[in-house]
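All values reported here derive from a predicted model rather than from experimental measurement.
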Amino acid sequence: MHKTSSRLLALLSLLQMHRDWSGDDLAGRLDITSRTVRRDIDRLRELGYPITTVKGPAGGYRLEAGTHMPPLLFDDDQAVALAVALQTAAAGATVAEDASRALATLRQVMPPRLRHRVDLLRITAVQPPAAPDTLQVETQVLMDLSRVIHAREELRFDYSPSSSTSADNPRRVQPHHLVTWRQRWYLVAWDLHREDWRTFRVERIRPRTPTGPRFVPRELPGGNVSTFIAGRFRGNGGTATDWPCRGEVILGLPAADVAPFAEDGIVEELGSRHCRLVLGSWSWTGLAAAIGRFDAEIEVVGPPQLATAFGDLAARYAHAARATRPETGPAR
């Protein structure tokens, strides 16, 4: 019985490689007869695995997708990778409960050697604090959006500009991609009313039914969704991933004090008390303000637009300081 069970697992492992196998190939791999292969195929079918017979000169077998989840077989590395991925997903908000239950089920059936490896790799995925206007994304909405993207169907939905308003802003779009960016879900779509690309916060979308006609997808600016999303959130229209404004300064701080807060900037050590910082932003004023937060002496290397932005900020801050009302004492 143990030999038969081991042989069935080995056969299932071969069939899960997503290719057609002839009976002779399977018999040769498993060192059994073709008759035994046929019997083992029948046993797997009885367990719920949808194995079809492939027509041809030699015949063969293929593992198809079924109508329900049969038992799955993973090798050691796949099982550990799946456990680590589930630990990370369990820290999120959208599928956290389902991921935790799946992880518990997987860990329960693991042999001790794999369970020990997973326990050594136990991860605490720390999510950044959620913004005040962040709502939880409904799993069903994600599934609905994924379906229309795959079907290439126009989508109608109600959209609320913020979490404090009702979803009464109707939109009609050609959905292109469903993406995550800094812990939020976004729908990338061509807005048919505005005739332009838009990104929509998924938690503010309420899909309408039925969906619209099928469409031929347009090409995204930048060539791919990664370039488009990174570019859009950096203010360059989505055609490139770099910031539209980039400048260089010398800061009166050690490089070790600047590097942890420079995000995607470049920090170069220039001695024990100075460093060079190359940083980008969506505007020159925004870049000057970002550099100013380091609270150190600043020497602008270039370009001139950055020096002008520092001058504009200095005047603005000086005006703000003069406009501040002095504190008044208690009324007598």
>> Does any part of the side chain of R147, heavy atoms only, come nearer than 4.5 Å to the side chain of H150, both counted from C-beta?
In response: no
>> I need the E248 CD to L287 CG distance, nearest 0.5 Å.
In response: 11.5 Å
>> Please determine whether residues L313 and I250 belong to a single hydrophobic cluster, defined as Ile, Leu, Val, Met, Phe, Trp and Tyr linked transitively by side-chain heavy-atom distances below 4.5 Å.
In response: no
>> Looking at I149, is its backbone amide N or carbonyl O close enough to the side chain of H176 to form a donor-acceptor pair, meaning the two atoms are under 3.5 Å apart?
In response: no
> Checking side chain to side chain donor-acceptor pair (under 3.5 Å) for the pair D24/S34: CA distance, chi angles, key distance, verdict?
Replying inline: CA-CA 6 Å; D24 292 339; S34 297; 3.3 Å; yes
>> For a quick test of reading the model, state the closest non-hydrogen atom pair linking L270 to C275 and the distance between them.
In response: CD1-C, 3.8 Å
> Checking side-chain contact (heavy atoms from CB on, under 4.5 Å) for the pair F228/T199: CA distance, chi angles, key distance, verdict?
Replying inline: CA-CA 10 Å; F228 175 78; T199 56; 4.0 Å; yes
>> I'd like to know if the side chain of R29 reaches the main chain of L14, judged simply by a donor and an acceptor atom lying under 3.5 Å from each other, with no hydrogens or angles considered.
In response: no
>> Can you list everything that forms a side chain to side chain donor-acceptor pair (under 3.5 Å) with R38? Sequence neighbours excluded, please.
In response: none
>> Can you list everything that forms a side chain to side chain donor-acceptor pair (under 3.5 Å) with S283? Sequence neighbours excluded, please.
In response: none
> Are any non-hydrogen side-chain atoms of S160 and R206 less than 4.5 angstrom apart?
Replying inline: no
> Mind checking what makes salt bridge (charged side-chain N to carboxylate O under 4.0 Å, His left out) contact with D257, not counting sequence neighbours?
Replying inline: none
> Does a side-chain N-to-carboxylate-O contact under 4.0 Å join E269 and R276?
Replying inline: no
>> Among V37, L26, V54, which residue satisfies the side-chain contact (heavy atoms from CB on, under 4.5 Å) criterion with W21?
In response: L26
> So L15 and L44, side-chain contact (heavy atoms from CB on, under 4.5 Å) or not? Walk me through it.
Replying inline: CA-CA 11 Å; L15 291 172; L44 289 176; 4.0 Å; yes
> In the single-linkage hydrophobic clustering (I, L, V, M, F, W, Y; side-chain heavy atoms under 4.5 Å), do F261 and V258 co-cluster?
Replying inline: yes
>> Could you work out, with ring pair (Phe, Tyr, Trp, His ring centres under 6.0 Å) as the rule, every residue matching H274, not counting sequence neighbours?
In response: none
> Looking only at atom types and distance, does a side-chain atom of S146 sit under 3.5 Å from a main-chain N or O of L142, one as donor and one as acceptor?
Replying inline: yes
> Which distance, rounded to the nearest 0.5 Å, do you find between the CD of E154 and the CZ of R214?
Replying inline: 11.5 Å
> Which side-chain hydrogen bond (donor to acceptor under 3.5 Å, both in side chains) pairs, counting each pair once, include a residue from residues 289-309, with sequence neighbours left out?
Replying inline: none
> Other than V278, what residues sit in its cluster of Ile, Leu, Val, Met, Phe, Trp and Tyr side chains whose heavy atoms are under 4.5 Å apart, directly or through others?
Replying inline: I266
> How many angstroms lie between OH in Y186 and CG in L145, if you round to the nearest 0.5 Å?
Replying inline: 14.5 Å
> Going by heavy atoms in the side chains, are L187 and P175 under 4.5 Å from each other?
Replying inline: yes
> Given the rule that I, L, V, M, F, W and Y join up when any side-chain heavy atoms are under 4.5 Å apart, are L253 and F310 in one cluster?
Replying inline: yes
>> Quick check for you: to the nearest 0.5 Å, what is the distance between R62 atom CZ and T52 atom OG1?
In response: 5.0 Å
> Is there a side-chain contact (heavy atoms from CB on, under 4.5 Å) between V173 and F200 once you walk through the steps?
Replying inline: CA-CA 11 Å; V173 303; F200 301 95; 3.9 Å; yes
> Less than 4.5 Å apart, any side-chain heavy atom of W185 and any of V179?
Replying inline: no
> Looking at OG1 of T33 and CZ of R39, how far apart are the two atoms once the value is rounded to the nearest 0.5 Å?
Replying inline: 6.0 Å
> Under the side-chain contact (heavy atoms from CB on, under 4.5 Å) criterion, do T227 and L220 qualify, and how do the steps go?
Replying inline: CA-CA 9 Å; T227 300; L220 271 172; over 6 Å; no
> Does F294 have any ring pair (Phe, Tyr, Trp, His ring centres under 6.0 Å) partners at least two apart in sequence or in another chain, and if so, which?
Replying inline: none
> side chain to side chain contact (heavy atoms under 4.5 Å, CB included) with E263: which residues, sequence neighbours excluded?
Replying inline: none
> Is the number of heavy atoms from other residues, nucleotides or ligands under 6.0 Å of F215 CZ greater than 12?
Replying inline: yes
> With side chains defined as the heavy atoms from C-beta onward, is the minimum distance between R201 and Y159 less than 4.5 Å?
Replying inline: yes
>> Tell me every residue that passes side chain to side chain contact (heavy atoms under 4.5 Å, CB included) with R45, counting only those two or more places apart in sequence or in another chain.
In response: I41, D42, I51, T53, Y61
>> Would you say W282 ends up clustered with L277 if hydrophobic residues are merged whenever their side chains have heavy atoms under 4.5 Å apart, either directly or through other cluster members?
In response: no
> Shortest non-hydrogen contact from P254 to S272?
Replying inline: CG-O, 3.3 Å
>> Is there a side-chain contact between T211 and R156 in this structure, where contact means two heavy atoms from C-beta onward sitting under 4.5 Å apart?
In response: no
> V301, W284: one ILVMFWY side-chain cluster at the under-4.5 Å cut-off?
Replying inline: no
> Taking all non-hydrogen atoms of both residues, which atom of V249 and which atom of V300 are closest, and how far apart?
Replying inline: CG1-CA, 4.1 Å
> Would a 4.5 Å heavy-atom cut-off, applied to side chains only, mark R152 and P217 as touching?
Replying inline: yes
> Taking only residues two or more places apart in sequence, or in another chain, which ones meet W243 in a ring pair (Phe, Tyr, Trp, His ring centres under 6.0 Å)?
Replying inline: none
>> Show the nearest heavy-atom pair for residues G265 and L279, with the distance to one decimal.
In response: CA-CD1, 3.7 Å
>> The criterion is side chain to side chain donor-acceptor pair (under 3.5 Å); which residues satisfy it with D40, sequence neighbours excluded?
In response: R7, R43
Exercise answer: donor-acceptor pairs, residues 188-197 side-chain atoms, under 3.5 Å, sequence neighbours excluded:
residue: D191; atom: OD1; partner: H193; partner atom: N; Å: 2.9
residue: D191; atom: OD1; partner: R194; partner atom: N; Å: 3.1
residue: D191; atom: OD2; partner: R171; partner atom: NH1; Å: 3.2
residue: D191; atom: OD2; partner: R194; partner atom: NH1; Å: 3.4
residue: D196; atom: OD2; partner: R198; partner atom: NH1; Å: 3.1

